[in-house]
Protein chains: 2
Amino acid sequence: MPTPTAFAGLAALMGDPARAAMLQALLSGEALTAGELARIAGIGAPTASAHLARLVEGGLVAVHPQGRHRYHRLASEEVAAAIEMLGGLTVSVGPPRRWPHGEEFRAARLCYDHLAGRLGVALHAALVGQGWIAPAAGGWSSTAVGEAGLGRLGVDLSAARTARRFACDCMDWSERRAHLAGGLGREIAACCLRQHWLARLPPAREGDALARRRLRLTPEGARRLDAALGVRLAA
Amino acid sequence: MPTPTAFAGLAALMGDPARAAMLQALLSGEALTAGELARIAGIGAPTASAHLARLVEGGLVAVHPQGRHRYHRLASEEVAAAIEMLGGLTVSVGPPRRWPHGEEFRAARLCYDHLAGRLGVALHAALVGQGWIAPAAGGWSSTAVGEAGLGRLGVDLSAARTARRFACDCMDWSERRAHLAGGLGREIAACCLRQHWLARLPPAREGDALARRRLRLTPEGARRLDAALGVRLAA
DNA sequence: CCCGTCCTTCGTCCGGCGGCGAAGTCAGGG
DNA sequence: CCCTGACTTCGCCGCCGGACGAAGGACGGG
């Protein structure tokens, strides 16, 4: 195990309310400017700047300047996974409480770059149930019928294969079941969003980090997914 | 996602150096008394008591009093997994550094209740390579030849099946490859330790949380594992 | 029953960190 | 070229929380 101080430093980095709000906002995969993150965290610009500097220095966040904006995003998929896992702990740990988490978040949301919530879990179950993916070492591989079906849906399989992992499970913190991550999960989400099967992300409200991650199915999107996968994804 | 404050609270709980040292010590799966944890963290008894109260209150640690001792252990496998994942981040994140972590830890150690390090990774690879386990939804299932072989080794398969998950991957932070977790991983470790295939855990030195997790193969243990699995596990 | 041990509670101190305002730096536009 | 807008650096303040000493319960043993 790494030195306790290194471990504690990393955890402490995520342990500040303002930084935690920033990290959760970045979990959608978007790159956000320092000013946006300051408003999301509800703090002033100087304070946000100091926090972001520490997050970058700690390796959790990557920054790439463009003009007079500085865009920030999570440094890696591993960072996103760790944040998701910690978020999952908060619902399983502590005094049992009735779900205080909005119904919208449980229905559909983004986990880094793929679909999560009931929608993501249903997608996972449908892909397995239809035999489109099959268990393989370390995750899932696509079947012949799956490749045909995914192609019909417009999913870019070759792009999915360029990822470090083609398809693997990612524990869903609200449903307590796996949803689909990896290159395939990313491409399916990209394809769905591109084709407007899902409503666009609503604009962020000031101080509301969570609004960014909410998704709603369009009627058209629900219909096409239902037809393609043979399940009722829409609530 | 849970409220940012809940997330931050949990991360902050792990973010204190003293509490981090305690959690890492508990990662071996052992139940430790408040006094032991105080010495491990290098703090006084009153301070340790306050820290442990917060860890229990936060749901990360479970306590069960026995006589005048109060034994503490991690509250669940999920807590252990989250701590491991955060530990993994500390080696992949931040400025690239040459491995400052002891060779002994990378060779063999315990991850909660199963084998990790090069030993754990080699075991995983051997089980797959010999066809003793095969990919299944959410993890691995045992094959017929595997069940025979594991039975010869003295592994209690029925005990392994009582776990929530029979066999699944757990990312190894030092080898960056999967080792075996779940009921099977637990039973193999229990069986190995019971049969003295591995040297006993060395006694804890004061203030040294890491010593608890170091393992060394006995010559007898290495020979039997080599013969059974057909790989050279000993360095 | 009294003592030793383990652990907790209480009271107190103090260092560190998060917060902001003001000033400085840099990029872009009219 | 100056102005605006985005972000950083600097300096300072307030306060939360982690540290300890002393005292106060539990529990077990002689």
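First the proteins, then the strands, lettered A, B, ... as listed; each starts at 1.
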Side chain of B/Glu187, backbone of B/Leu184: donor and acceptor closer than 3.5 Å? no

Between B/Arg19 (side chain) and B/Ala12 (backbone), is there a donor-acceptor pair under 3.5 Å? yes

Rounded to the nearest 0.5 Å, what's the gap from CD1 on A/Ile83 to CE on B/Met85? Could you check? 11.0 Å

Distance from B/Leu32 atom CG to B/Arg39 atom CZ, nearest 0.5 Å? 10.0 Å

Which whole-number value in Å describes the distance from [X] [atom1] to [N] [atom2]?
X       : N      : atom1 : atom2 : result
B/Leu52 : D/dG17 : CG    : P     : 18 Å
B/Leu55 : D/dG18 : CG    : P     : 10 Å
A/Asp16 : C/dG19 : CG    : P     : 5 Å
A/Arg39 : D/dG5  : CZ    : P     : 14 Å
A/Ile43 : D/dC7  : CD1   : P     : 13 Å
A/Leu32 : D/dA6  : CG    : P     : 15 Å
B/Leu13 : D/dC16 : CG    : C1'   : 15 Å

Tell me which of A/Arg19 and A/Pro46 sits closer to the 5' end of DNA chain C, going by the nucleotide each one is nearest to. A/Arg19

Nearest-nucleotide 5' precedence on DNA chain D, A/His69 against A/Ala53: A/His69

Tell me whether the side-chain N/O atoms of [X] come closer than 4.0 Å to OP1 or OP2 in [N].
X       : N      : answer
B/Thr47 : D/dG18 : no
B/Arg54 : D/dG17 : no
B/Arg70 : D/dA26 : no

Nucleotide of [options] approaching [X] most closely (side-chain heavy atoms):
X       : options               : result
B/His51 : C/dG19, D/dA19, C/dT8 : D/dA19
B/Ala34 : D/dA19, D/dT8, C/dC7  : C/dC7
B/Thr33 : D/dC20, C/dC7, C/dG18 : C/dC7
A/Ser49 : C/dG19, C/dT8, D/dT8  : D/dT8

Does some side-chain heavy atom of B/Arg70 sit less than 4.5 Å from a side-chain heavy atom of B/Thr33? no

